[in-house]
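See below for the structure under consideration.
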Protein chains: 2
Amino acid sequence: MTELAELPATPGTARTQGRPRSSRAHEAILEAVLDLLEEGITVEALSMEAIAARAGVGKATIYRRWAGKDELLLETLIKLKGPPTQPLGDSVRADLIRLISVVGHKDERAVRVMPCLMPEVSRSPEAYRIWQEAITEPRREVMRDVLRRGVASGELRADLDLEVTVSMLISPLLLHRMTRWNPRLDEVDDLPAQIVDVVLRGVAA
Amino acid sequence: MTELAELPATPGTARTQGRPRSSRAHEAILEAVLDLLEEGITVEALSMEAIAARAGVGKATIYRRWAGKDELLLETLIKLKGPPTQPLGDSVRADLIRLISVVGHKDERAVRVMPCLMPEVSRSPEAYRIWQEAITEPRREVMRDVLRRGVASGELRADLDLEVTVSMLISPLLLHRMTRWNPRLDEVDDLPAQIVDVVLRGVAA
DNA sequence: GGATTCCGATACGGTTCCGTTCCGTATCGG
DNA sequence: CCGATACGGAACGGAACCGTATCGGAATCC
């Protein structure tokens with residue numbers, strides 16, 4: 001059983017001697033965390049032993065890389081969410097539909113993991129801050145820009161409240177994907193388009 | 001099961017001899033559960049020992065009443081959420097504002113407890129069913145009725161989708177109270193009225 | 001070849017929680 | 001008063017998990 005050649009898993013800390021850390025083990029650990037969260041395990045109930053077992057890895061291999069569960073989770077979340085979807089610059093309507101349509105579709109896994117993270121975000125100010133800065137705020141800003149375009153073109157009301165409008169656009173989709181608050185929405189056709197059309201008519205100039 | 005002569009009642013009610021169960025202990029246990037959930041403990045991490053300690057009660061006193069954590073939680077939730085707020089029958093606008101304004105205000109505690117319950121709801125079909133039947137669906141139905149009134153009066157579009165409209169009205173408030181998805185909404189004046197006005201204009205006849 | 005580090009696996013003592021079973025006491029019905 | 005049951009509290013054996021240590025073997029550099 002010869003393992004493949006491994007790349008240094010943590011660039012920056014230049015190790016010159018000894019066996020390099022296995023990037024395969026590194027990936028397997030992060031995947032295992034997402035795997036378990038996806039199954040509905042909360043952050044609190046997520047055990048290092050379960051992670052190690054799922055990844056097919058010794059616990060020491062985890063502790064060699066991260067000081068504890070918090071550090072491991074942070075790296076996992078950064079991996080989970082990439083940069084926000086960008087608008088294409090067509091019409092305001094088309095861009096808004098595009099932005100809210102990707103909620104829970106670009107990455108099916110992210111939407112299953114999020115509910116398990118929410119209790120942590122509710123309780124810990126630090127977790128809330130990271131969640132805001134890394135996940136929600138960048139996405140809101142993209143949507144604000146599209147709305148500003150609409151205001152500048154005279155298409156939308158000049159005194160429109162960007163925060164309220166952004167929330168009205170994204171909240172129904174977000175709540176539905178994360179909690180399935182109303183199961184009947186599953187059967188609605190073109191939900192993103194319907195939402196955008198009602199809001200745009202509501203805030204039209 | 002030889003007590004068929006007794007009236008069907010909650011377990012324990014049929015006893016006629018000995019010291020009666022303390023309703024004070026009963027209440028203290030339910031309060032302790034809400035107390036702990038309110039602090040951000042998830043259902044998974046909620047321990048019977050912590051509940052007993054918080055309630056100032058022996059564990060046996062809990063197990064005498066409920067078979068396990070699930071049964072205890074079910075009764076706690078039923079206590080937490082009373083019947084939905086009812087509309088007053090004024091204008092459609094006033095009723096909708098009234099209905100969405102109570103989100104997280106009528107019972108501050110409920111809104112802090114909900115995020116801790118969501119992972120359980122995501123994972124367990126049974127928990128999801130109970131949550132839907134006992135909490136979300138009755139509240140949606142109240143709001144649908146108000147919208148139907150608006151359609152009947154010609155105030156609202158006849159082909160309006162009730163499910164989408166209900167979701168658009170309630171989701172921004174619900175998401176904000178449960179997750180504080182956008183902290184800037186804290187500083188918005190009259191958020192419920194703003195939401196209702198945009199939606200009503202969007203679905204006006 | 002030798003030194004060094006990582007690998008997966010296993011074991012350790014310590015902690016928390018489970019659900020049950022005892023206490024000695026308190027409080028009811030008859 | 002007596003019998004029955006509930007009370008708060010303490011302790012039990014068992015399970016899960018923590019973070020660390022140690023093992024023999026594998027991979028890489030010097």
Side-chain angles (χ1 to χ4, degrees), chain A residues 1-33 36-37 39-73 116 120, chain B residues 2-3 5-6 9-33 36-37 39-73 116 120:
Chain A
M1 270 215 231
T2 48
E3 296 185 12
L4 299 176
E6 313 281 6
L7 291 173
T10 50
T13 53
R15 304 189 172 277
T16 58
Q17 286 200 13
R19 177 177 175 177
R21 291 189 182 166
S22 161
S23 61
R24 169 167 299 175
H26 198 92
E27 290 302 315
I29 293 166
L30 295 179
E31 277 302 310
V33 172
L36 291 167
L37 288 178
E39 291 172 8
I41 308 275
T42 59
V43 169
E44 267 175 307
L46 189 64
S47 77
M48 298 299 255
E49 306 221 342
I51 295 168
R54 176 68 61 106
V57 144
K59 277 197 292 178
T61 303
I62 300 179
Y63 284 105
R64 208 171 281 126
R65 290 169 164 76
W66 298 277
K69 206 201 291 185
D70 288 348
E71 292 194 12
L72 170 55
L73 275 171
C116 299
E120 195 66 17
Chain B
T2 58
E3 303 172 4
E6 300 292 340
T10 43
T13 321
R15 311 205 177 282
T16 66
Q17 285 196 18
R19 178 176 175 177
R21 291 188 182 166
S22 160
S23 60
R24 193 159 161 280
H26 199 93
E27 291 303 315
I29 294 166
L30 296 178
E31 277 302 311
V33 172
L36 291 167
L37 287 177
E39 291 173 10
I41 307 277
T42 59
V43 169
E44 268 175 306
L46 188 64
S47 78
M48 298 300 254
E49 309 221 342
I51 296 167
R54 178 66 61 104
V57 144
K59 278 197 291 177
T61 303
I62 300 180
Y63 283 106
R64 210 171 280 126
R65 290 170 164 77
W66 298 279
K69 205 199 297 184
D70 289 347
E71 292 193 13
L72 171 55
L73 275 171
C116 298
E120 195 65 18

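Naming: A, B, ... by sequence-line order, numbering from 1 per chain.
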Go through the structure and list residues passing side-chain contact (heavy atoms from CB on, under 4.5 Å) with [X], not counting sequence neighbours.
{"X": "B:A45", "value": "A:E44, B:I41, B:T42"}
{"X": "B:E27", "value": "B:K79"}
{"X": "B:A60", "value": "B:R64"}
{"X": "A:A53", "value": "none"}

So, taking the atom named CD in B:E31 and the one named CG in B:L36, what distance separates them when rounded to the nearest 0.5 Å?
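That separation rounds to 11.0 Å.
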
Begin from the C-alpha positions of A:H26 and A:R21 and carry the test side chain to side chain contact (heavy atoms under 4.5 Å, CB included) through to its verdict.
CA-CA 8 Å; A:H26 198 92; A:R21 291 189 182 166; over 6 Å; no

Is any side-chain nitrogen or oxygen of [X] closer than 4.0 Å to OP1 or OP2 of [N]?
{"X": "B:S22", "N": "D:dA6", "result": "no"}
{"X": "A:R65", "N": "C:dC7", "result": "yes"}
{"X": "B:R64", "N": "D:dC7", "result": "yes"}

What residues, two or more places apart in sequence or in another chain, satisfy side-chain hydrogen bond (donor to acceptor under 3.5 Å, both in side chains) together with B:K59?
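Partners of B:K59 by the side-chain hydrogen bond (donor to acceptor under 3.5 Å, both in side chains) criterion, ordered by chain and then number, come out as B:E49.
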
Does B:R19 have any side-chain hydrogen bond (donor to acceptor under 3.5 Å, both in side chains) partners at least two apart in sequence or in another chain, and if so, which?
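Not a single residue meets the side-chain hydrogen bond (donor to acceptor under 3.5 Å, both in side chains) criterion with B:R19.
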
How do B:G18 and B:H26 order along DNA chain D: which one's closest nucleotide is nearer the 5' end?
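By nearest-heavy-atom nucleotide position, the 5'-most residue is B:G18.
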
For [X] and [N], give me the distance from atom [atom1] to atom [atom2], rounded to whole Å.
{"X": "A:R21", "N": "C:dT4", "atom1": "CZ", "atom2": "C1'", "answer": "13 Å"}
{"X": "B:R24", "N": "C:dA26", "atom1": "CZ", "atom2": "P", "answer": "15 Å"}
{"X": "A:W66", "N": "D:dG19", "atom1": "CH2", "atom2": "P", "answer": "14 Å"}
{"X": "B:E44", "N": "C:dT16", "atom1": "CD", "atom2": "C1'", "answer": "16 Å"}
{"X": "A:I51", "N": "D:dG19", "atom1": "CD1", "atom2": "P", "answer": "10 Å"}

Test for a donor-acceptor pair under 3.5 Å between the base of D:dA27 and the side chain of A:R19, counting only N and O atoms.
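Counting by modelled atom types and ignoring angles, no donor-acceptor contact under 3.5 Å is found here.
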
Compare every heavy atom of B:K69 with every heavy atom of B:V43, then report the nearest pair and how far apart it is.
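Of all heavy-atom pairs spanning B:V43 and B:K69, the closest is O-NZ, 3.1 Å.
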
DNA chain C: stems of at least 3 consecutive Watson-Crick or G-U pairs, cut-off 3.5 Å?
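Detected stem regions: C:1-30 with D:1-30.
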
Between A:G56 and B:P20, which is nearer to the 5' end of DNA chain C once each is assigned its nearest nucleotide?
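Of the two residues, A:G56 wins.
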
Output a table of nitrogen or oxygen pairs between the protein and nucleotides 18-20 of chain C separated by less than 3.5 Å.
{"unit_1": "C:dC18", "atom_1": "OP1", "unit_2": "B:M48", "atom_2": "N", "d": "2.7"}
{"unit_1": "C:dC18", "atom_1": "OP2", "unit_2": "B:M48", "atom_2": "N", "d": "2.9"}
{"unit_1": "C:dC18", "atom_1": "OP2", "unit_2": "B:E49", "atom_2": "N", "d": "3.0"}
{"unit_1": "C:dG19", "atom_1": "OP2", "unit_2": "B:Y63", "atom_2": "OH", "d": "2.2"}
{"unit_1": "C:dG19", "atom_1": "O5'", "unit_2": "B:Y63", "atom_2": "OH", "d": "3.3"}
{"unit_1": "C:dG19", "atom_1": "N7", "unit_2": "B:K59", "atom_2": "NZ", "d": "2.9"}
{"unit_1": "C:dG19", "atom_1": "O6", "unit_2": "B:K59", "atom_2": "NZ", "d": "2.6"}

